[in-house]
There are 2 protein chains.
Amino acid sequence: MNARIIPPSTSSSRPTESELDILRVLWDRGASTVREVHETLYADDGAGYTTVLKLLQIMHGKGLVVRDEAQRAHVYRAAVSRQRTQKRFLADLVARVFDGSSSQLVLQALGEGPRASKAELRQIRELLDRIDTQAKRS
Amino acid sequence: MNARIIPPSTSSSRPTESELDILRVLWDRGASTVREVHETLYADDGAGYTTVLKLLQIMHGKGLVVRDEAQRAHVYRAAVSRQRTQKRFLADLVARVFDGSSSQLVLQALGEGPRASKAELRQIRELLDRIDTQAKRS
DNA sequence: CGTTGTCAACGAAAAGTTTCGTATGTTTTC
DNA sequence: GAAAACATACGAAACTTTTCGTTGACAACG
(Lines give C-alpha, C1' and ligand atoms only; values in the text may rest on other atoms or scores of the structure.)
Protein backbone atom coordinates (compact mmCIF):
# COMPACT_ATOMS: atom_id res chain seq x y z
CA MET A 1 0.00 0.00 0.00
CA ASN A 2 1.74 2.99 1.21
CA ALA A 3 5.05 3.01 -0.52
CA ARG A 4 6.53 5.24 2.13
CA ILE A 5 7.92 8.26 0.46
CA ILE A 6 11.54 8.96 1.13
CA PRO A 7 12.39 9.51 4.79
CA PRO A 8 12.96 5.94 6.04
CA SER A 9 16.08 4.71 4.35
CA THR A 10 17.39 7.88 2.85
CA SER A 11 19.77 9.55 5.18
CA SER A 12 20.83 8.64 8.66
CA SER A 13 18.05 9.23 11.13
CA ARG A 14 18.49 9.63 14.84
CA PRO A 15 19.55 6.27 16.31
CA THR A 16 17.35 4.73 18.95
CA GLU A 17 18.79 3.66 22.27
CA SER A 18 19.59 0.13 21.22
CA GLU A 19 20.97 1.31 17.94
CA LEU A 20 23.25 3.59 19.83
CA ASP A 21 24.48 0.70 21.95
CA ILE A 22 25.47 -1.07 18.79
CA LEU A 23 27.04 1.98 17.22
CA ARG A 24 29.19 2.33 20.29
CA VAL A 25 30.51 -1.16 19.78
CA LEU A 26 31.23 -0.49 16.13
CA TRP A 27 32.98 2.76 16.95
CA ASP A 28 35.10 1.06 19.58
CA ARG A 29 35.89 -2.16 17.79
CA GLY A 30 35.67 -1.05 14.21
CA ALA A 31 34.06 -3.25 11.59
CA SER A 32 32.53 -6.32 13.19
CA THR A 33 30.35 -9.30 12.51
CA VAL A 34 27.04 -9.77 14.21
CA ARG A 35 28.56 -12.34 16.47
CA GLU A 36 31.33 -10.02 17.57
CA VAL A 37 28.90 -7.25 18.33
CA HIS A 38 26.71 -9.64 20.21
CA GLU A 39 29.53 -10.98 22.29
CA THR A 40 30.84 -7.54 23.10
CA LEU A 41 27.41 -6.44 24.20
CA TYR A 42 26.50 -9.57 26.09
CA ALA A 43 28.33 -8.72 29.27
CA ASP A 44 25.90 -5.96 30.22
CA ASP A 45 23.03 -6.52 27.91
CA GLY A 46 21.21 -9.83 27.80
CA ALA A 47 20.01 -9.51 24.25
CA GLY A 48 19.96 -12.63 22.11
CA TYR A 49 21.94 -13.12 18.95
CA THR A 50 19.05 -12.67 16.55
CA THR A 51 18.08 -9.49 18.31
CA VAL A 52 21.42 -7.99 17.48
CA LEU A 53 21.18 -9.31 13.95
CA LYS A 54 17.77 -7.78 13.46
CA LEU A 55 18.92 -4.48 14.87
CA LEU A 56 21.85 -4.39 12.51
CA GLN A 57 19.59 -5.20 9.59
CA ILE A 58 17.28 -2.39 10.55
CA MET A 59 20.19 -0.04 10.96
CA HIS A 60 21.42 -1.08 7.56
CA GLY A 61 18.04 -0.22 6.14
CA LYS A 62 18.24 3.18 7.76
CA GLY A 63 21.74 3.80 6.52
CA LEU A 64 23.26 3.90 9.98
CA VAL A 65 25.65 1.12 9.08
CA VAL A 66 27.13 -0.31 5.92
CA ARG A 67 28.01 -3.92 5.46
CA ASP A 68 30.38 -6.08 3.56
CA GLU A 69 28.70 -9.25 2.37
CA ALA A 70 31.77 -10.80 0.86
CA GLN A 71 32.02 -13.40 3.58
CA ARG A 72 29.22 -15.55 4.80
CA ALA A 73 29.25 -13.65 8.06
CA HIS A 74 28.56 -10.09 6.96
CA VAL A 75 30.81 -7.44 8.36
CA TYR A 76 29.16 -4.27 9.62
CA ARG A 77 30.69 -0.84 9.89
CA ALA A 78 29.23 2.37 11.32
CA ALA A 79 28.10 4.68 8.54
CA VAL A 80 27.84 7.66 10.84
CA SER A 81 30.82 8.95 12.73
CA ARG A 82 30.86 9.23 16.47
CA GLN A 83 31.45 12.94 16.17
CA ARG A 84 28.57 13.50 13.82
CA THR A 85 26.32 11.60 16.17
CA GLN A 86 27.58 13.55 19.13
CA LYS A 87 26.76 16.74 17.30
CA ARG A 88 23.29 15.58 16.53
CA PHE A 89 22.47 14.48 20.04
CA LEU A 90 24.04 17.56 21.51
CA ALA A 91 21.94 19.85 19.34
CA ASP A 92 18.88 17.87 20.31
CA LEU A 93 19.62 18.08 23.99
CA VAL A 94 20.35 21.78 23.89
CA ALA A 95 17.09 22.43 22.13
CA ARG A 96 15.02 20.15 24.30
CA VAL A 97 16.26 20.75 27.82
CA PHE A 98 18.68 23.65 27.74
CA ASP A 99 16.36 26.12 26.18
CA GLY A 100 18.65 26.48 23.20
CA SER A 101 21.58 27.70 25.25
CA SER A 102 24.64 25.60 24.69
CA SER A 103 26.67 27.62 27.17
CA GLN A 104 24.12 26.70 29.81
CA LEU A 105 24.90 23.14 28.94
CA VAL A 106 28.62 23.73 29.19
CA LEU A 107 28.29 25.28 32.60
CA GLN A 108 26.19 22.44 33.81
CA ALA A 109 28.54 19.86 32.37
CA LEU A 110 31.58 21.46 33.94
CA GLY A 111 29.84 22.18 37.19
CA GLU A 112 28.79 18.64 37.83
CA GLY A 113 31.17 15.73 37.90
CA PRO A 114 34.53 17.51 38.20
CA ARG A 115 35.88 14.69 36.23
CA ALA A 116 37.84 16.90 33.90
CA SER A 117 41.57 16.43 34.13
CA LYS A 118 44.02 19.29 34.06
CA ALA A 119 44.89 18.61 30.48
CA GLU A 120 41.26 18.66 29.53
CA LEU A 121 40.65 21.92 31.33
CA ARG A 122 43.58 23.42 29.51
CA GLN A 123 42.15 22.21 26.25
CA ILE A 124 38.90 23.91 27.03
CA ARG A 125 40.66 27.15 27.89
CA GLU A 126 42.52 27.02 24.64
CA LEU A 127 39.33 26.63 22.75
CA LEU A 128 37.89 29.61 24.58
CA ASP A 129 40.92 31.64 23.64
CA ARG A 130 40.54 30.66 20.05
CA ILE A 131 36.90 31.67 20.06
CA ASP A 132 37.82 35.07 21.53
CA THR A 133 40.47 35.68 18.94
CA GLN A 134 38.12 34.76 16.20
CA ALA A 135 35.42 37.01 17.56
CA LYS A 136 37.78 39.99 17.74
CA ARG A 137 39.06 39.45 14.24
CA SER A 138 35.65 39.32 12.62
CA MET B 1 16.65 8.56 54.98
CA ASN B 2 15.73 6.97 51.79
CA ALA B 3 12.69 4.78 52.07
CA ARG B 4 12.10 4.74 48.35
CA ILE B 5 12.78 1.29 47.17
CA ILE B 6 10.26 0.84 44.44
CA PRO B 7 11.48 2.40 41.22
CA PRO B 8 8.36 2.16 39.02
CA SER B 9 6.05 4.92 40.14
CA THR B 10 8.03 6.12 43.07
CA SER B 11 10.75 8.40 41.97
CA SER B 12 11.08 10.38 38.80
CA SER B 13 12.14 8.28 35.87
CA ARG B 14 13.61 9.63 32.69
CA PRO B 15 10.93 11.60 30.87
CA THR B 16 9.97 10.53 27.37
CA GLU B 17 10.00 12.98 24.50
CA SER B 18 6.41 14.09 24.89
CA GLU B 19 6.76 14.27 28.61
CA LEU B 20 9.69 16.54 28.12
CA ASP B 21 7.64 18.81 25.87
CA ILE B 22 5.17 19.17 28.67
CA LEU B 23 7.78 19.69 31.33
CA ARG B 24 9.20 22.52 29.27
CA VAL B 25 5.85 24.23 29.32
CA LEU B 26 5.56 23.79 33.06
CA TRP B 27 9.05 25.09 33.62
CA ASP B 28 8.37 28.12 31.47
CA ARG B 29 4.87 28.94 32.61
CA GLY B 30 4.91 27.58 36.11
CA ALA B 31 1.93 25.69 37.49
CA SER B 32 -0.71 25.23 34.81
CA THR B 33 -3.96 23.52 34.05
CA VAL B 34 -4.26 20.94 31.33
CA ARG B 35 -5.94 23.49 29.12
CA GLU B 36 -3.15 25.96 29.52
CA VAL B 37 -0.53 23.39 28.71
CA HIS B 38 -2.51 22.26 25.73
CA GLU B 39 -2.93 25.75 24.39
CA THR B 40 0.71 26.60 24.86
CA LEU B 41 1.72 23.47 23.03
CA TYR B 42 -0.83 23.69 20.27
CA ALA B 43 1.04 26.17 18.13
CA ASP B 44 3.70 23.63 17.15
CA ASP B 45 2.24 20.37 18.24
CA GLY B 46 -1.15 19.20 17.01
CA ALA B 47 -1.94 17.03 19.98
CA GLY B 48 -5.52 16.93 21.21
CA TYR B 49 -6.69 18.02 24.61
CA THR B 50 -7.20 14.56 26.03
CA THR B 51 -3.78 13.56 24.83
CA VAL B 52 -2.22 16.22 26.98
CA LEU B 53 -4.48 15.26 29.85
CA LYS B 54 -3.49 11.63 29.58
CA LEU B 55 0.15 12.51 29.41
CA LEU B 56 -0.11 14.61 32.54
CA GLN B 57 -1.92 11.80 34.32
CA ILE B 58 0.82 9.39 33.37
CA MET B 59 3.45 11.84 34.47
CA HIS B 60 1.63 12.25 37.72
CA GLY B 61 1.74 8.50 38.16
CA LYS B 62 5.46 8.55 37.55
CA GLY B 63 6.03 11.41 39.92
CA LEU B 64 7.24 13.79 37.26
CA VAL B 65 4.57 16.29 38.19
CA VAL B 66 2.46 17.05 41.22
CA ARG B 67 -1.04 18.38 41.04
CA ASP B 68 -3.37 20.48 43.04
CA GLU B 69 -6.89 19.13 42.86
CA ALA B 70 -8.48 21.90 44.87
CA GLN B 71 -10.18 23.35 41.83
CA ARG B 72 -12.17 21.46 39.31
CA ALA B 73 -9.44 22.02 36.77
CA HIS B 74 -6.43 20.44 38.42
CA VAL B 75 -3.28 22.48 38.44
CA TYR B 76 -0.07 20.70 37.53
CA ARG B 77 3.43 21.61 38.56
CA ALA B 78 6.73 20.08 37.55
CA ALA B 79 8.03 17.82 40.29
CA VAL B 80 11.49 17.70 38.83
CA SER B 81 13.50 20.83 38.33
CA ARG B 82 14.84 21.83 34.99
CA GLN B 83 18.34 21.67 36.39
CA ARG B 84 17.93 18.20 37.79
CA THR B 85 16.59 17.03 34.48
CA GLN B 86 19.41 18.69 32.62
CA LYS B 87 21.83 16.89 34.86
CA ARG B 88 20.18 13.58 34.24
CA PHE B 89 20.10 13.91 30.48
CA LEU B 90 23.60 15.24 30.42
CA ALA B 91 24.94 12.31 32.37
CA ASP B 92 23.09 9.98 30.06
CA LEU B 93 24.44 11.62 26.97
CA VAL B 94 27.99 11.66 28.25
CA ALA B 95 27.78 7.99 29.06
CA ARG B 96 26.11 6.99 25.85
CA VAL B 97 27.84 8.97 23.15
CA PHE B 98 30.78 10.73 24.70
CA ASP B 99 32.47 7.72 26.08
CA GLY B 100 32.08 9.05 29.59
CA SER B 101 34.12 12.17 28.93
CA SER B 102 32.21 15.29 29.81
CA SER B 103 35.05 17.52 28.70
CA GLN B 104 34.75 15.97 25.27
CA LEU B 105 31.18 17.09 25.34
CA VAL B 106 32.14 20.57 26.43
CA LEU B 107 34.62 20.91 23.62
CA GLN B 108 32.11 19.71 21.09
CA ALA B 109 29.44 22.02 22.44
CA LEU B 110 31.69 25.05 22.39
CA GLY B 111 33.19 24.15 19.08
CA GLU B 112 29.91 23.92 17.27
CA GLY B 113 27.37 26.67 17.22
CA PRO B 114 29.48 29.62 18.48
CA ARG B 115 26.30 30.95 19.89
CA ALA B 116 27.88 31.80 23.20
CA SER B 117 27.87 35.46 24.02
CA LYS B 118 30.77 37.28 25.60
CA ALA B 119 29.11 37.24 28.97
CA GLU B 120 28.55 33.53 28.72
CA LEU B 121 32.13 32.86 27.74
CA ARG B 122 33.26 34.89 30.70
CA GLN B 123 30.99 32.87 32.93
CA ILE B 124 32.55 29.70 31.65
CA ARG B 125 36.04 31.02 32.29
CA GLU B 126 35.08 31.95 35.80
CA LEU B 127 33.85 28.48 36.43
CA LEU B 128 37.10 27.07 35.11
CA ASP B 129 39.01 29.33 37.47
CA ARG B 130 36.93 28.19 40.36
CA ILE B 131 37.57 24.58 39.48
CA ASP B 132 41.30 25.22 39.37
CA THR B 133 41.31 26.91 42.71
CA GLN B 134 39.36 24.11 44.24
CA ALA B 135 41.66 21.52 42.78
CA LYS B 136 44.70 23.25 44.23
CA ARG B 137 43.16 23.61 47.64
CA SER B 138 42.19 19.97 47.98
C1' DC C 1 27.19 -38.95 3.53
C1' DG C 2 24.64 -37.23 7.69
C1' DT C 3 25.02 -34.74 11.82
C1' DT C 4 26.06 -30.55 14.02
C1' DG C 5 27.03 -25.62 14.16
C1' DT C 6 26.70 -21.02 12.20
C1' DC C 7 24.56 -17.69 9.43
C1' DA C 8 20.93 -14.33 7.26
C1' DA C 9 16.22 -13.40 6.74
C1' DC C 10 11.68 -13.00 8.12
C1' DG C 11 7.55 -12.57 10.68
C1' DA C 12 5.47 -11.68 14.50
C1' DA C 13 5.09 -11.31 19.56
C1' DA C 14 6.12 -8.22 23.41
C1' DA C 15 6.95 -3.92 25.36
C1' DG C 16 6.86 0.97 25.38
C1' DT C 17 4.82 5.42 23.86
C1' DT C 18 1.38 8.47 21.94
C1' DT C 19 -3.13 9.45 20.49
C1' DC C 20 -7.86 9.78 20.90
C1' DG C 21 -12.96 8.27 21.52
C1' DT C 22 -16.23 7.84 24.94
C1' DA C 23 -18.34 7.91 29.51
C1' DT C 24 -19.49 10.63 33.19
C1' DG C 25 -19.78 14.39 36.30
C1' DT C 26 -19.74 19.49 37.19
C1' DT C 27 -20.16 24.17 36.13
C1' DT C 28 -22.00 27.99 33.24
C1' DT C 29 -25.34 30.08 30.29
C1' DC C 30 -29.74 31.23 28.61
C1' DG D 1 -33.84 23.75 34.85
C1' DA D 2 -32.23 22.25 30.10
C1' DA D 3 -28.49 22.86 26.99
C1' DA D 4 -23.85 23.83 26.21
C1' DA D 5 -19.25 24.02 27.73
C1' DC D 6 -15.67 22.08 30.24
C1' DA D 7 -13.48 18.90 33.31
C1' DT D 8 -11.44 14.05 34.73
C1' DA D 9 -10.91 9.27 33.94
C1' DC D 10 -10.37 5.27 31.32
C1' DG D 11 -9.78 1.94 27.69
C1' DA D 12 -8.05 0.82 23.78
C1' DA D 13 -6.27 1.87 19.04
C1' DA D 14 -2.12 3.28 16.52
C1' DC D 15 2.74 3.60 16.42
C1' DT D 16 7.42 2.66 17.55
C1' DT D 17 11.04 -0.10 19.33
C1' DT D 18 12.84 -4.38 21.05
C1' DT D 19 12.94 -9.20 21.33
C1' DC D 20 12.93 -13.71 19.74
C1' DG D 21 11.32 -18.18 17.30
C1' DT D 22 11.62 -20.42 13.01
C1' DT D 23 13.18 -21.41 8.48
C1' DG D 24 16.34 -22.46 4.98
C1' DA D 25 21.16 -22.19 3.33
C1' DC D 26 25.66 -23.54 3.79
C1' DA D 27 29.80 -25.05 5.83
C1' DA D 28 32.60 -28.01 9.02
C1' DC D 29 33.20 -32.21 11.20
C1' DG D 30 33.00 -37.07 12.05
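Numbered from 1 within each chain, the chains take letters A, B, ... in sequence-line order. What's counted below: heavy atoms across the whole structure, side chains too, no hydrogens, waters or symmetry copies.
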task: Would you give the length of the straight line joining atom OG1 of A:T50 to atom NE2 of A:H38, rounded to the nearest 0.5 angstrom?
output: 8.5 Å
- line: On a heavy-atom basis, the closest approach of A:V66 and A:H60 is CA-CD2, 4.3 Å
- request: May I have the distance from A:L53 (atom CG) to D:dT18 (atom P), rounded to whole angstrom?
  value: 15 Å
query: Nearest-Å distance, CD (A:E36) to P (C:dT6)?
result: 14 Å
task: Run the salt-bridge test on B:R96 and A:D21 with the 4.0 Å N-O cut-off and return the result as yes or no.
output: yes
query: Do the charged groups of B:D92 and B:R14 touch, with an N to O distance under 4.0 Å?
result: yes
message: Please report the distance, rounded to the nearest Å, between CD in B:Q57 and C1' in D:dC10.
response: 8 Å
Heavy-atom closest pair, residues A:S18 and A:L55: CB-CD2, 4.1 Å
statement: B:H38 NE2 to D:dT8 C1', in whole Å, measures 15 Å
message: Tell me the bend of the helix from C:dC1-D:dG30 to C:dC30-D:dG1 as the angle between end helix axes, each from five pairs, rounded to the nearest 10 degrees.
response: 10°
field: Stepwise side-chain hydrogen bond (donor to acceptor under 3.5 Å, both in side chains) check, A:S32 with A:R29
entry: CA-CA 7 Å; A:S32 311; A:R29 295 190 81 260; 2.7 Å; yes
- request: Could you check which residues of residues 66-77 of chain A get a heavy atom under 4.0 Å from DNA chain C? Sort them by number, please.
  value: A:R67, A:R72, A:A73, A:H74
field: Student check: side-chain heavy atoms of A:K62 and A:E19 closer than 4.5 Å
entry: yes
- prompt: Just how far, in rounded Å, is C1' of D:dT8 from CE of B:M59?
  reply: 17 Å
task: For B:I131 and A:L110, work out which heavy atoms get closest and say how close.
output: CD1-O, 3.9 Å
- prompt: With a 4.5 Å limit on heavy-atom distance, are the side chains of A:L23 and A:R82 in contact?
  reply: no
- prompt: Just by modelled atom types, is the A:S101 backbone N or O under 3.5 Å from a matching donor or acceptor in the A:D99 side chain?
  reply: no
task: Could you point out which residue of B:K118, B:R122, B:R125 forms a salt bridge (charged side-chain N to carboxylate O under 4.0 Å, His left out) with A:D132?
output: B:R125
message: Please encode protein proximity along nucleotides 14-21 of chain C as a string of B, S and -, counting only heavy-atom distances under 4.0 Å.
response: ---SBBBB
